[in-house]
Asks: 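Provided herewith is a single structure, encoded as structure tokens, for subsequent inquiry.
Position 1 is the first residue of the sequence; numbering continues from there. Order of appearance sets the numbers: ligands from 1, and atoms from 1 within every ligand.
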Amino acid sequence: MKDNYPLTGQLSAPAAQTLLITNVRPYGEGEPTEVFIEDGAIAAIGSELTETHSADNTIDGAGSVLLPGLVDMHVHLREPGREDTETIETGSRAAAKGGFTAVFTMANTTPVTDQPVIAESVWAKAQALGLCDVHPVGSITKGLEGKTLTEFGMMKNSDAKVRMFSDDGKCVQDPQIMRRALEYAKGLDVLLAQHAEDSRMTEGACAHEGPTSAKLGLHGWPRVAEESIVARDALLARDYGNRLHICHASTTGTVELLKWAKEQGIPLTAEVTPHHLLLTDDKLRTYDGVYRVNPPLREEHDTLALRQALLDGLIDVVATDHAPHGSEDKCVEFEMAKPGMLGLESSLAVIAKIFVESGLADWRFVARVMSERPAEITRLPGHGRPIAVGEPANLTIVDPHNSWVSDSTQLASKSENNPYEGEEFGARVTHTILRGRLTYNLATDGAASLAQEEAK
Ligand code: DOR
Ligand code: ZN
């Protein structure tokens with residue numbers, strides 16, 4: 001167990017009133033400028049603010065890229081129930097380190113987040129820490145059992161203001177339950193997120209069904225297990241629902257279905273994980289349990305179709321599906337390993353590598369798929385907003401030319417199931433700012449800096 005960041009007490013101390021960020025390029029565009037923050041909001045943007053504005057604290061942006069704070073629609077912070085693998089505190093630190101100012105934590109905790117009291121405790125704990133806005137996702141069915149709908153209304157009206165519901169980790173198999181959930185969600189205007197997996201087709205499966213699984217002797221998870229549910233739910237959303245979000249799209253066929261659904265005007269949105277964009281089932285040749293994930297890593301043509309779909313807007317957002325697991329569940333035979341991999345601390349670098357460093361897209365695109373669209377889809381006020389005067393100061397600074405090597409022993413997360421161990425990246429989050437407060441600073445790596453700032 002890691003205990004890199006000994007603090008908590010100081011976190012609720014009053015924030016510094018003013019912060020000046022010098023030498024940054026909003027969205028990586030134009031000449032470097034300065035951003036003055038007061039009482040949690042952007043108060044001025046301009047090139048000579050240093051002369052006219054005196055600030056309690058200053059960050060030298062060193063010519064880096066300034067983005068709206070990142071928003072992750074899909075993480076697992078494991079509290080309550082598996083605090084040995086991640087807690088709201090360690091998960092929040094990992095989020096801040098990855099550049100996130102808001103995350104949505106899934107309901108597959110123990111107990112399941114199927115009641116307001118559990119959602120409220122997650123929300124309150126994270127707010128007291130002040131490192132990241134952690135929004136609890138409510139489950140669609142009680143105990144994730146797929147049988148009885150939870151009280152969406154009570155969770156929405158609770159202090160946690162639950163705005164998304166999902167049985168993620170499990171698929172809502174029964175089409176009639178899914179229909180009723182969509183009808184219920186429509187009345188309350190909340191978002192449903194489906195983990196698309198026909199479980200009859202994935203019994204005993206631990207790898208993508210294809211040439212690699214055949215060669216390695218691993219039981220395969222066919223694409224159709226995902227695609228058949230995406231198709232079914234697109235039709236249900238057309239006839240009974242309003243909004244429906246597809247978690248972790250992983251196949252070329254899912255992309256084709258999303259294209260069809262969007263052409264029909266069906267209000268379907270979708271996410272893709274960094275690992276499904278970067279990695280393929282070729283990684284399974286080592287039989288290393290770190291690469292077991294649901295849905296499984298697929299083939300190269302899937303990764304290419306997913307990349308193009310994100311560029312074209314058929315897939316709306318990047319979401320990490322950050323899924324911490326301890327070594328007792330990962331350093332075992334591949335078939336026995338629990339599915340899931342870490343993502344919060346590497347996602348920005350992975351997306352920069354695939355899209356920005358290759359020239360496929362720019363930082364505006366990164367802002368769209370990792371901040372603006374996730375905040376729009378979840379209807380999250382205050383996040384994913386333009387970098388403009390009067391807007392909340394939820395911001396991320398990224399050094400686009402900072403090469404670093406992923407090292408699982410240096411993570412803020414409590415777990416080490418990092419699929420990028422030893423991989424070199426070219427971009428790095430240097431600072432994260434939540435409502436004008438510094439929640440991450442690479443120079444001092446983490447909360448130590450926040451404690452120092454707060455003590456000033
Ligand atoms: O690989 C996964 N791990 N996929 C999921 O849907 C759930 C997650 C977890 O909770 O570990
Ligand atoms: Zn998940």
Side-chain angles (χ1 to χ4, degrees), residues 72-87 91 94-95 103-113 122 134-141 143-144 146 164-173 191-199 202 205-208 218 221 225-226 229-230 245-251 254 270-279 281 283-284 288-298 317-330 332 334-344 347 374 378 413-419:
D72 193 340
M73 288 179 67
H74 187 153
V75 304
H76 299 264
L77 299 191
R78 304 295 189 218
E79 185 176 347
R82 286 306 304 262
E83 291 86 349
D84 56 315
T85 61
E86 197 79 291
T87 63
V103 300
F104 286 77
T105 186
M106 285 295 174
N108 64 340
T109 45
T110 313
V112 171
T113 308
V122 170
V134 178
H135 291 272
V137 176
S139 68
I140 295 175
T141 68
L144 304 178
M164 190 193 333
F165 293 84
S166 179
D167 276 6
D168 177 67
K170 285 187 173 176
C171 177
V172 178
Q173 300 289 334
L191 180 69
L192 294 191
Q194 175 69 294
H195 169 121
E197 173 182 354
D198 184 325
S199 62
T202 61
C206 61
H208 165 65
L218 297 172
W221 205 120
E226 172 173 311
I229 298 290
V230 174
H245 181 75
I246 301 295
C247 296
H248 38 57
S250 75
T251 75
T254 291
E271 70 192 30
V272 62
T273 69
H275 49 269
H276 288 109
L277 289 166
L278 188 66
L279 309 176
D281 65 350
K283 289 280 183 194
L284 272 49
D288 185 340
V290 79
Y291 298 114
R292 180 162 181 202
V293 65
N294 275 350
L297 299 177
R298 305 272 184 196
V317 305
V318 171
T320 64
D321 197 4
H322 176 84
H325 289 293
S327 56
E328 70 282 8
D329 288 318
K330 278 299 194 182
V332 293
F334 192 83
E335 299 89 328
M336 303 296 288
K338 281 203 175 158
M341 40 182 68
L342 300 182
L344 280 170
S347 54
T378 54
S413 172
K414 232 178 185 184
S415 291
E416 295 188 2
N417 54 316
N418 165 30

Asks: With the Zn ion (ligand 2) at the centre, find the angle made by NE2 from H74 and OD1 from D321, to 10°.
Replies: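 That angle is 90°.
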Asks: Of all the N, O or S atoms in D168, which one sits nearest to the Zn ion (ligand 2)?
Replies: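 Per the distance ranking, D168 contributes OD2 as its closest N/O/S atom to the Zn ion (ligand 2).
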Asks: For atom 8 (C) of ligand 1, which protein heavy atom lies nearest, and how many Å away is it?
Replies: H76 NE2, 3.8 Å
Asks: Between P274 and V318, is there a side-chain heavy-atom distance shorter than 4.5 Å?
Replies: yes
Asks: Testing the 3.5 Å rule here: is there a donor-acceptor pair between the side chains of H74 and D168?
Replies: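 Note: H74 and D168 side chains meet the donor-acceptor criterion.
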Asks: Go through ligand 1 atom by atom and flag the ones less than 4.0 Å from a non-hydrogen atom of H248.
Replies: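 Close to H248: 6 (O).
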Asks: Just by modelled atom types, is the A323 backbone N or O under 3.5 Å from a matching donor or acceptor in the N417 side chain?
Replies: yes
Asks: To the nearest 0.1 Å, how far is atom 11 (O) of ligand 1 from its closest protein heavy atom, and which atom is that?
Replies: R78 NH2, 2.8 Å
Asks: Hey, is ligand 1 close enough to V293 that some N/O pair sits below 3.5 Å?
Replies: no
Asks: I'd like to know if the Zn ion (ligand 2) has an N/O/S atom from H195 within less than 2.8 Å of it, counting both backbone and side-chain atoms.
Replies: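 Of the N, O and S atoms in H195, none lies under 2.8 Å from the Zn ion (ligand 2), which means no.
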Asks: Side-chain contact, heavy-atom cut-off 4.5 Å: S139 with T113?
Replies: no
Asks: Which label fits H248 and H195: parallel for a plane angle under 30°, tilted from 30 to 60°, or perpendicular past 60°?
Replies: perpendicular
Asks: Taking distance alone, with N or O pairs closer than 3.5 Å, would you say A323 contacts ligand 1?
Replies: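 N/O-N/O distance below 3.5 Å does not exist for this pair.
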Asks: Is there a side-chain contact between M106 and S166 (heavy atoms, below 4.5 Å)?
Replies: yes
Asks: Hey, which atoms in ligand 1 end up nearer than 4.0 Å to a heavy atom of D168?
Replies: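 The list of qualifying atoms is 6 (O).
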Asks: Which bit of H195 is near ligand 1, meaning a heavy atom under 4.0 Å away: side chain, backbone, both or neither?
Replies: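 Just the side chain.
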Asks: For atom 7 (C) of ligand 1, what's the nearest protein heavy atom and its distance?
Replies: G169 CA, 3.7 Å
Asks: Considering non-hydrogen atoms of the protein only, which is the closest contact for atom 4 (N) of ligand 1, and what is the distance?
Replies: N294 O, 2.9 Å
Asks: H325 heavy atoms, cut-off 4.0 Å: which ligand 1 atoms fall inside?
Replies: 11 (O)
Asks: Does A337 offer a backbone N or O that forms a donor-acceptor pair with the side chain of R292 under 3.5 Å?
Replies: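 Looks like yes, one N/O pair under 3.5 Å.
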Asks: Answer whether the closest heavy-atom distance between the side chains of E328 and D84 falls below 4.5 Å.
Replies: yes
Asks: Does any non-hydrogen side-chain atom of E86 lie less than 4.5 Å from one of S413?
Replies: yes
Asks: Which protein heavy atom lies closest to atom 3 (N) of ligand 1, and at what distance to 0.1 Å?
Replies: P339 O, 3.0 Å
Asks: Answer yes or no for H76: is there an N/O/S atom below the 2.8 Å cut-off from the Zn ion (ligand 2)?
Replies: yes
Asks: Given 3.5 Å as the limit, does a donor-acceptor pair link the side chain of K330 with the main chain of G340, or not?
Replies: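 Checked: pair present.
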